[in-house]
Amino acid sequence: MRHFLDLSSAGPDGIAAILADALDRKAARAGWPKGRADADAPLAGHTLALVFEKSSTRTRVSFDMAMRQLGGSALVLDAGTTQLGRGETVADTARVLSGYCDAIMIRTDDHAKLEEMAHHATVPVINGLTDQSHPCQIMADLLTILESGKALPGLKVAWLGDGNNVLASIVEAAGLMHFDVVAACAQGFQPSDEDMARGQGRARCVASPAEAVEGADIVVTDTWISMGQLHAETKLAALAPYQVDAALMARAKPDAKFLHCLPAHRGEEVTAEVIDGPQSLIWREAENRLHAQKSILRWCFGQVG
Ligand code: CP
Ligand code: NVA
């Protein structure tokens, strides 16, 4: 059984195989209508359950469309309208969904719930974001970086702002794929030692945003208030010096690219000038959720890697 719970679930070889497959499949259907199935329809007859305990636009639509393009189908289950939202256990939900569907994606708060789902499911389980990590997002980010003509080994990625779930997965990717992450996060909002350890020595924290972006190939940030967190003025104030603006981008390499998983808050973590500017790859990054996840799904079914 192949669960995609974090990037380490696939490991370096699996990640490389997923990225190569995604590049091939994306090229093979360039210009096609989005809803047309790929010529080989490799997941024909397969259904994916998409369980959401938190909001989503990209993850929800890209997984649904991924299954359509692979020749299968998806069911979107908002937890609030299922018995999960009324206290049915994750374990029982896992057993029941395994009887109807061929794979389960879950977006939830506590990472332990994802692990419990995987423990009790008899079909592959995919992490669609937890408070701890967001590996599908980072697969799309790696695909976007490769498409921009940059190789992963030796790359310098700068992270600004909140030490959150998205940073945790970038750090994990750095350790597995041999690139470096330099994070400048506000006091009190730094990543945990455990998250940093997943970088296997490739990730470090610095105090100054300028130092983090100096010579960076990729500059990344994310919302300052993640889902499930209170909208705290104190947090916004603490993070204000970490905003990615044009002056900060100018300290990175001249050909540096800007990434953001979205949704974004222009004027908070990033200025409109940067996120809507020429160095920003955000729309390609968002589209690549679809292409990366098709290959993650194929990896789960043993078709890749
Ligand atoms: N980046 C991301 O996961 O977006 P959604 O919350 O819209 O799914
Ligand atoms: N860090 C953000 C990512 C949203 C895709 C959150 O968890 O809300």
Side-chain angles (χ1 to χ4, degrees), residues 4-7 22 48-67 74 76-80 104-114 126-145 157 159-173 181 183 185-186 188-192 195 218-232 235-236 238-239 242-244 258-266 268-270 275 280-294 296-297:
F4 190 81
L5 304 186
D6 270 309
L7 295 168
L48 170 69
L50 298 167
V51 180
F52 288 97
E53 292 200 292
K54 290 181 172 181
S55 304
S56 170
T57 298
R58 280 145 289 269
T59 305
R60 177 183 185 130
V61 179
S62 59
F63 264 112
D64 190 339
M65 293 307 296
M67 285 304 288
V76 179
L77 303 169
D78 287 313
I104 302 166
M105 186 233 74
I106 179 166
R107 167 170 286 196
T108 188
D109 40 24
D110 188 352
H111 199 79
K113 287 196 205 170
L114 166 79
I126 297 172
N127 178 357
L129 179 146
T130 68
D131 289 347
Q132 186 177 302
S133 59
H134 197 3
C136 290
Q137 178 66 52
I138 302 315
M139 290 304 294
D141 290 8
L142 299 183
L143 185 58
T144 308
I145 291 167
V157 176
W159 174 275
L160 282 304
D162 191 22
N164 68 13
N165 47 0
V166 175
L167 172 60
S169 286
I170 293 180
V171 166
E172 185 176 34
V181 177
C185 301
F189 302 102
Q190 282 152 339
S192 67
D195 284 345
I218 305 288
V219 177
V220 198
T221 189
D222 186 15
T223 179
W224 288 342
I225 310 289
S226 284
M227 290 180 280
Q229 297 177 347
L230 292 176
H231 191 91
K235 185 172 185 186
L236 296 182
L239 285 160
Y242 298 82
Q243 183 189 66
V244 180
F258 174 79
L259 296 179
H260 188 309
C261 66
L262 305 177
H265 305 80
R266 290 169 176 79
E268 290 187 12
E269 72 271 12
V270 61
I275 197 167
S280 174
L281 297 180
I282 57 164
W283 307 128
R284 180 181 283 249
E285 179 185 10
E287 182 189 330
N288 279 337
R289 294 292 304 277
L290 165 66
H291 303 292
Q293 283 155 201
K294 287 169 69 179
I296 292 169
L297 285 159

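In each ligand, atom 1 is the first atom listed, and ligand 1 is the first ligand listed.
Residues S169 and L7 share a closest heavy-atom pair of O-CD1, 3.2 Å. Taking every heavy atom of both residues into account, L262 and A286 meet most closely at CD1-CB, 4.4 Å.
Counting heavy atoms from C-beta on, the side chains of E269 and L239 never come closer than 4.5 Å.
Under the side-chain contact (heavy atoms from CB on, under 4.5 Å) criterion, D131 pairs with K54, D109, not counting sequence neighbours. In this structure, the side-chain hydrogen bond (donor to acceptor under 3.5 Å, both in side chains) partners of D222, at least two apart in sequence or on a different chain, are N164. Applying the salt bridge (Lys or Arg N to Asp or Glu O under 4.0 Å) rule to R60 yields the partners D78; only residues at least two apart in sequence or on another chain are considered.
Counting only N and O atoms by type, the side chains of S133 and N127 include a donor and acceptor under 3.5 Å apart. With 3.5 Å as the limit, one finds a donor-acceptor pair spanning the side chains of S62 and Q293.
Scanning S56, A168, S226 for the heavy atom closest to atom 2 (C) of ligand 2 points to S226.
Less than 4.0 angstrom separates some heavy atom of L129 from each of these atoms of ligand 2: 3 (C), 4 (C), 5 (C), 7 (O). Of all the atoms in ligand 2, the ones that sit under 4.0 Å from a non-hydrogen atom of N165 are 1 (N), 2 (C), 6 (C), 7 (O).
Residue-level proximity to ligand 2 for L262 is carried by the backbone, the only part with a heavy atom below 4.0 angstrom. Within the 4.0 Å heavy-atom criterion, neither part of T59 lies near ligand 2.
What sits closest to atom 8 (O) of ligand 2 on the protein, heavy atoms only, is M227 N, 2.7 Å. For atom 3 (C) of ligand 2, the closest non-hydrogen atom of the protein is D222 OD2, 3.6 Å.
For the side-chain contact (heavy atoms from CB on, under 4.5 Å) test with T130, the passing option among I106, L5, T108, D6 is T108; the others fail.
No N or O atom of R107 sits closer than 3.5 Å to an N or O atom of ligand 2.
Pocket lining of ligand 1, defined as residues with a non-hydrogen atom under 4.0 Å away: S56, T57, R58, T59, R107, H134, Q137, C261, L262, R289.
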- Query: What's the verdict on side-chain contact (heavy atoms from CB on, under 4.5 Å) for D195 and L167, showing C-alpha distance, side-chain angles and the deciding distance?
  - Reply: CA-CA 9 Å; D195 284 345; L167 172 60; over 6 Å; no
